[in-house]
Amino acid sequence: MRTALFAKRNTKEILRDPLSFCFGLGFPLVLLVLLSIVNASIPPDANNTMFTIENLAPGLAIFGTVFMALFAGMLLSKDRTTSFLMRLFTSPMTAKDFISGYALPLLALTLPQAAITFLAASIWGFKITIYLIPAILVTTFTYLLFIALGLLAGNFSASLPHLLLVLAYTAVVFLLAIRLQKKNDRRQGISPPVRVQVM
Amino acid sequence: MHAITIKDLSKQYGDIVAVDNLNLTIEQGELFALLGENGAGKTTTIKMLSCLLKPTAGEAVLLGNSINTRPQAVKEIINISPQETAVAANLTVSENLELMAQIYGQSKRSARQRAEEIIAQFGLADVRKKKAKHLSGGMQRRLSLAMALITNPKILFLDEPTLGLDVLARRELWASILALKGKATIILTTHYLEEIEALSDRVGVMVKGKLTAVGTVAELLAQTGTSKLEDAFVALAGGIA
């Protein structure tokens, strides 16, 4: 009951903040348009498949998940700075009510966001098939990760640890990505680029 | 029956003692004011009593419920109006009030009815459909207090409720607080001495985490041999007379 009440309130807070809401939904679409234009200008001889719509659409659907971290973090930190959260902490609400109440509305936003990205991609030739459903579901799980990161970061708002935490998890994710890339390159027999010394 | 019984309540942050062995009883329906300079431990005391902070030592019992062993039961009977305005910015005045009422267990219909009563009581009728973020500072404070009252708390904590308000807005809030006297036990912290004289039944003076004096305004004046509360406070707080 309290979870549903709090989730409803958070949904209203997000939907009534048009700038961040439109930015969250619209930015992946803007990128989709721009990168599709980039793809159209790549000569076919280059054999570059990086920006083809089959690769681009799922990538951008996942990219949209980052905005959930932004929404969650901003919502929580705003409640904290206005003391609204302090008021709720003195109420009979439990930790489960808080976490579920923040996460559920964002989770509900993930489905339309991923669906809109894939549907928009169909304009550039992305095939809408039955496999779109598992694709959206997989994207939803990724959203959970970013919602959790956003809530974690939001808990450290208005203080230096907030920035440090964001920097720390960004660094960890980047280092992991680089390490995995190197491992894959080695497995596929790709040698690292040779450093050229300029005389 | 005592509404609040505090025994040896302490809060320590490392070497800093924010609240030092507080002992106090507050009767039901009483309006008790905590007076002290910045950093005296007033807000820390309120935070411990409202289960926002765990005490380092000691105990407080609110209408039979211990803050250490039954915090959830304590939360059912209290409410707080924090120092800063505590409203949901993108919700309307009515939505803010109904949300709070429902969180404390009222049905949707009952919450709506109670919100209407509170809106009338606090003069919020003209702005009921306005989002909280579009209200003036005074109106937001009024809404914040109304959100604390809509749940019919048995014990209400008001942490500097009129801080930063102009004279008229402050007087309007005083009238709202006075209307509650006797219906709920109220613990008020403030820097404004005239607020204490106008509202409180008893006053507790806190200095560096310790409760140095408790009594009515008249008792504090008699105890210090002064004619003004300001002089009595300076004498009790160890300031320069």
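A, B, ... follow the sequence lines: proteins, then strands. Residue 1 opens every chain.
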Q: Under 4.5 Å, heavy atom to heavy atom: which of residues 84-107 of chain A reach chain B? Give them by number, or say none.
A: A:Phe84, A:Met86, A:Arg87, A:Leu88, A:Phe89, A:Thr90, A:Ser91, A:Pro92, A:Met93, A:Thr94
Q. Which atoms of B:Ser50 come close to chain A, meaning under 4.5 Å heavy atom to heavy atom: side chain ones, backbone ones, both, or neither?
A. both
Q | Contacting region of B:Ile103 [heavy-atom separation from chain A under 4.5 Å] | A | both
Nearest non-hydrogen partners of [X] and [Y], listed with the distance:
X	Y	result
A:Glu13	B:Ala89	OE2-N, 3.5 Å
A:Ser83	B:Ala86	O-CB, 3.3 Å
A:Arg9	B:Leu91	CG-CD1, 3.5 Å

Q. Tell me, which pairs form a ring pair (Phe, Tyr, Trp, His ring centres under 6.0 Å) where one or both residues lie in residues 101-154 of chain B, sequence neighbours left out?
A. none
Got more than 12 heavy atoms from elsewhere within 6.0 Å of [atom1], [X]?
X	atom1	answer
B:Ile16	CD1	no
B:Lys181	NZ	yes
B:Lys154	NZ	no
B:Glu117	CD	yes
A:Arg16	CZ	yes

Q) So which of B:Cys51, B:Ser144, B:Ala73 has the biggest tally of heavy-atom pairs under 4.5 Å with chain A? A) B:Ser144
Q) Looking at B:Met100, B:Gln72, B:Glu95, B:Glu76, which one has more heavy-atom pairs under 4.5 Å with chain A than the rest? A) B:Glu95
Q) If you round to the nearest 0.5 Å, how far is CG of A:Asp17 from NZ of B:Lys133? A) 6.0 Å
**Q.** Rounded distance (nearest 0.5 Å) linking atom OG1 of A:Thr11 with atom CG of B:Asn90
**A.** 12.5 Å
Q) Side-chain contact, heavy-atom cut-off 4.5 Å: A:Leu5 with B:Leu99? A) yes
